[in-house]
Amino acid sequence: MSSISRGHAALAGVTAAAVAIGAAEPVAVLTGPRSAPLIAVGGLVVDLVPESLKHLAISLFGTHDKIALLIGTGVLLAAFAALLGVLAARRLRIGLAGIAAFAALGVVAALTRPGAGPAAALPALVGAALGGLTLWLLLAGPLAPDLWSWSPPTPAGSGAPAGPAGPTAPAAPAEPTSAGPVGGPEVRPGEPAPIGARAAGRPGERGDEADQEGRRRFLTGAGALLGAAAVAGLGGHWLAGRRGVSAARQSVTLPTPSAAAPAAPAGADLSLAQLAPYVTPNSGFYRIDTALVVPQVDPATWRLRIHGRVRNPIELSFADLLARPMVERYVTLACVSNEVGGDLIGNARWLGVPIKELLDEADPEDGADQVVGRSVDGWTCGTPTAVLRDGRDALLAVGMNGEPLPVAHGFPVRMVVPGLYGYVSACKWVTELELTSFADFDAYWVPRGWAAQGPIKTESRIDTPGPRNRLTAGAVMVAGVAWAQHRGIRRVEVRVDGGLWREATLAPTVSVDTWVQWSWRWDATPGEHTLQVRATDADGVTQTAQRRPVAPDGATGWHTVKVAVR
Ligand SMILES: Nc1nc2c(c(=O)[nH]1)N[C@H]1C(S)=C(S)[C@@H](COP(=O)(O)O)O[C@H]1N2
Ligand SMILES: [Mo]
């Protein structure tokens, strides 16, 4: 048994891990943020979630679980590192082997990220080398308290191990305690002495002062290394941010559209508190993607390839794209993971080039019924070729509400297709449109249990009143939004307590491609009430009451809100 306490050994392990992760960050500034070990492994986890754990994928799909994933990974890593430190205090080789195993995982994850070059292995390798060095320094090198014959006293009366012997120390004697004999552990012949025990077998040679000096040196060293790891990690993170594309985004001047969006008609926005505004501001627009770090795509080097089963492959630069006639359109984007009543939906004014014109030039072969949009980070979506060519305003968008696309929303170029859920149409950071067939290729979410075809379902939502509002009897404005992109909304109805359906007033809207606000004046009576809403699309099809989950192709059911009136 080592004379290093488990706590100190665990601290050595955690310090080594922190140094490994921290040192990798500045390297990742050069090799790309997705090659940083935590991000690379996290990304691998996101992509590899097996079908049997589909519910997990579903929750990842629809929510902002990225931070939770990274924090969870960090906590797990710290626990492993602590354990590794304890093992390494007995046999340094075990610790180094553990670091090598983690490095291998980091290297594999970084190299298998789409678009990764061999340099992506560097952050994990450099991190592992410095992590290993740290472990040696603290447990066997100049910072190791290997001459200790002292360890913190255990509670009075306990000369026994402070806790159950771990699996790492079967039948090993307790750590030396103040009550126990001063001296080193027995070393069986043929076994190398545990680290930290080498010089500890000579009782009486060292006094308390030297022990405390060794302990101080170890803790100071660990603290300094942790500090250096934090500086390297945060500094690297900061540098990576400076290498981002926000400056490039700021210097983009959007062209004037040759076909401007029709002005939103007066009254399209009822401007009620709690009611979603007709146009969603960029800052409040929902964000859904699998990217653990937002891709930073430099417009100066951006290229779009239109290739695959086409007679005339095309390659465009950002300048080429901006030089083409641009149209501006309001389109309401929706996520397939939006629950009934949910807010994964937003309406924006998009500026871009009609995809139809580019496809006409590329001249797809017959049978190439799928256009696969591919993002710089390898994410893919599959859109029916026919939908992109049927005359709707499917855009390669560069502008959102009068600004260049925000980086998180796909800068410099993304797809926007009215009528289809985002996962089959709205590729952000798009760099490729590949013509293929649905029979030949499954895009990102399809093998993960989501439908290959994703037309948006007719839905409606009550925004006001909310379940927590204090309502008083009398006139209450009930209002919300309804959408059936590219078909349009014909009618919205509201009912109270399962009574008769009452027709709501529809606000004017720009086109069939956006949501519409609706309102209904309710003469509220005291008591508990249930409000429900349903929409009918322009084809005359009424939203179904049947409650279905978001997977595989979008939730259905009537949004229901319970309110109390005094
Ligand atoms: N590159 C990339 N594009 C993507 C995704 C993604 O994970 N990666 N997610 C899609 C999904 S599921 C939706 S709903 C929309 C959301 O777009 P937004 O984040 O701009 O609202 O982006 C789509 N485009
Ligand atoms: Mo989505």
Side-chain angles (χ1 to χ4, degrees), residues 264-281 284 286 330 332 334-335 338-347 456-485 487-548 550 554-566:
D269 200 322
L270 301 173
S271 301
L272 297 175
Q274 297 190 113
L275 171 60
Y278 179 70
V279 180
T280 314
Y286 80 96
Y330 285 95
T332 300
C335 183
N338 196 30
E339 305 280 353
V340 170
D343 58 6
L344 300 180
I345 178 166
N347 185 40
I456 294 175
K457 294 176 177 175
T458 302
E459 271 294 331
S460 50
R461 188 179 79 193
I462 300 169
D463 283 2
T464 184
R468 274 173 292 277
N469 288 149
R470 304 172 131 263
L471 303 176
T472 44
V476 168
M477 192 61 105
V478 183
V481 284
W483 59 91
Q485 286 91 319
R487 297 183 299 279
I489 291 290
R490 171 180 298 173
R491 187 167 58 241
V492 170
E493 297 158 293
V494 185
R495 69 175 184 182
V496 181
D497 300 329
L500 286 177
W501 287 104
R502 307 288 180 180
E503 195 160 341
T505 306
L506 294 185
T509 177
V510 168
S511 77
V512 293
D513 292 338
T514 78
W515 61 12
V516 45
Q517 295 188 350
W518 58 264
S519 61
W520 179 69
R521 196 180 155 284
W522 174 33
D523 194 10
T525 55
E528 308 259 307
H529 298 289
T530 302
L531 300 171
Q532 285 182 302
V533 65
R534 70 177 186 189
T536 300
D537 71 12
D539 297 337
V541 181
T542 298
Q543 180 188 336
T544 175
Q546 200 193 351
R547 280 239 156 215
R548 284 170 56 200
V550 293
T556 63
W558 293 333
H559 188 209
T560 302
V561 174
K562 286 188 164 33
V563 295
V565 180
R566 294 187 306 145

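Along the sequence shown, residues are numbered consecutively beginning with 1. When reading the values below, keep in mind they use all heavy atoms of this one structure, side chains included, and skip hydrogens, waters and symmetry mates.
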Pair W518, V478 - check side chain to side chain contact (heavy atoms under 4.5 Å, CB included), show working.
CA-CA 8 Å; W518 58 264; V478 183; 3.8 Å; yes
Under the ring pair (Phe, Tyr, Trp, His ring centres under 6.0 Å) test, which residues partner H559, sequence neighbours left out?
none
Are the side chain of D269 and the backbone N or O of Y278 linked by a donor-acceptor pair below 3.5 Å?
yes
Quick check for you: to the nearest 0.5 Å, what is the distance between R490 atom CZ and T458 atom OG1?
11.5 Å
Of the non-hydrogen atoms in V561 and P465, which two are nearest, and what is the gap between them?
CG1-O, 3.8 Å
Minimum heavy-atom separation for A276 and D463, please, with both atom names.
N-OD2, 2.9 Å
Side chain to side chain contact (heavy atoms under 4.5 Å, CB included) between N469 and V563: does it pass, once the steps are laid out?
CA-CA 7 Å; N469 288 149; V563 295; over 6 Å; no
Taking the side chain as every heavy atom from C-beta outward, state whether R487 and V512 have any pair of such atoms under 4.5 Å apart.
no
What pairs of residues pass the salt bridge (Lys or Arg N to Asp or Glu O under 4.0 Å) test when at least one of them lies in residues 514-528, not counting sequence neighbours?
none
Under 4.5 Å between any side-chain heavy atoms of V550 and C335, yes or no?
no
Taking D497 for the side chain and G499 for the main chain, is one N or O donor matched with an acceptor at less than 3.5 Å?
no
Shortest non-hydrogen contact from A507 to A268?
CB-O, 3.9 Å
Enter the distance from L270:CG to T505:OG1 here, rounded to the nearest 0.5 Å.
9.0 Å
Once you measure the plane-to-plane angle for H529 and W522, does it fall in the parallel (<30°), tilted (30-60°) or perpendicular (>60°) bin?
perpendicular
Can you name the nearest heavy-atom pair linking V533 to S460, along with the distance?
CG1-OG, 3.5 Å
Look up atom CZ in R461 and atom CD1 in I345, then write down how far apart they are to the nearest 0.5 Å.
7.0 Å
When rounded to the nearest 0.5 Å, the distance separating CG of L471 from OG1 of T464 is 8.0 Å
So, Q532 and R495: side-chain donor and acceptor under 3.5 Å apart, yes or no?
yes
V565 versus A473, closest heavy-atom pair with distance:
CG1-N, 3.4 Å
Hey, are the side chains of W515 and T509 touching, using non-hydrogen atoms and a 4.5 Å cut-off?
no
If you apply the rule side chain to side chain contact (heavy atoms under 4.5 Å, CB included), what do you find for V340 with R547, and how did you get there?
CA-CA 9 Å; V340 170; R547 280 239 156 215; 3.9 Å; yes
Between the side chains of Y286 and T280, does any donor sit under 3.5 Å from an acceptor?
no
So, N338 versus E459: side-chain donor-acceptor pair below 3.5 Å or not?
no
If the plane angle is over 60° it's perpendicular, under 30° parallel, otherwise tilted; pick one for W501 and W558.
perpendicular
Atom CZ of R534 and atom OG1 of T544: how far apart are they, to the nearest 0.5 Å?
10.5 Å
What are the two closest non-hydrogen atoms of A479 and L272, and how far apart are they?
CB-CD1, 3.6 Å
Please report the C-alpha distance between L506 and V492 in whole Å, then the side-chain angles of each, then the deciding distance to 0.1 Å, and finally whether the side chain to side chain contact (heavy atoms under 4.5 Å, CB included) criterion is met.
CA-CA 7 Å; L506 294 185; V492 170; 3.6 Å; yes
Report yes or no: is the cationic atom of R502 (NZ for Lys, CZ for Arg) under 6.0 Å from the centre of the six-membered ring of W520, at an angle within 45° of the ring normal?
no
Pairwise distance NZ(K562) to OG1(T530) - rounded to 0.5 angstrom:
4.0 Å
